[in-house]
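Just below is one structure, and these are the notes that go with it.
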Amino acid sequence: MKTSRKETFLLIENEGDSLTNFASELTKHHSDFQNDNIVVNLMTFTNIKSDQLLAFLEISTTHRNENKSFVIVNDAVGIDELPEELVVVPTIQEAEDMIQMDEIQRDLGF
């Protein structure tokens, strides 16, 4: 797992593990980044399926329940194929935009 700190979020990338193992590692180490907005970059996975992304549903829900954003970056799966609890966008810029919108909503009390 490779991490790099950006201005408003922590970018996390997979370093070769399967997606299921990667999701398990994120869940196991959640306390290390629970106070950060998270962007998980999965752009290297071009043949990903929606059921593989569902491995991130638990960590995403946990993180969002703590009032922090959890956004996955991948363009191989359509948004209509995923539950609304899992935020997936096609670019890192859109992930950053999503986090900014989430922060504004939290500041306004929504």
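Treat the numbers as computed from the prediction; the structure is a model and nothing was measured.
Counting heavy atoms from C-beta on, the side chains of Ile99 and Ile38 never come closer than 4.5 Å. You'll find the side chain of Gln100 reaches within 4.5 Å of the side chain of Asp97, heavy atoms only. In this structure, the side chains of Met1 and His29 come closer than 4.5 Å at one or more pairs of heavy atoms. Two residues are said to be in side-chain contact when any heavy atoms from C-beta on lie closer than 4.5 Å; Gln34 and Lys68 fail this criterion.
To the nearest 0.5 Å, atoms CZ (Phe9) and CG (Asp102) are separated by 13.0 Å. One distance of note links CD1 of Ile12 with OG1 of Thr3; it measures 7.0 Å at 0.5 Å rounding. In this structure, Ser50 OG and Asn74 CG are separated by 11.0 Å, a value rounded to the nearest 0.5 Å.
Side-chain atoms of Ser60 come within 3.5 Å of backbone N or O of Glu85 as a donor-acceptor pair. A donor-acceptor distance shorter than 3.5 angstrom exists from the side chain of His63 to the backbone of Asp36, with no hydrogens or angles considered. Of the possible donor and acceptor atoms, none in the side chain of Asp75 sits under 3.5 Å from a partner among the backbone N and O of Val89.
Between Phe70 and Phe56, the ring planes are tilted. Angles from 30° to 60° get that label.
A donor-acceptor pair shorter than 3.5 Å can be found between the side chains of Asn37 and Glu103.
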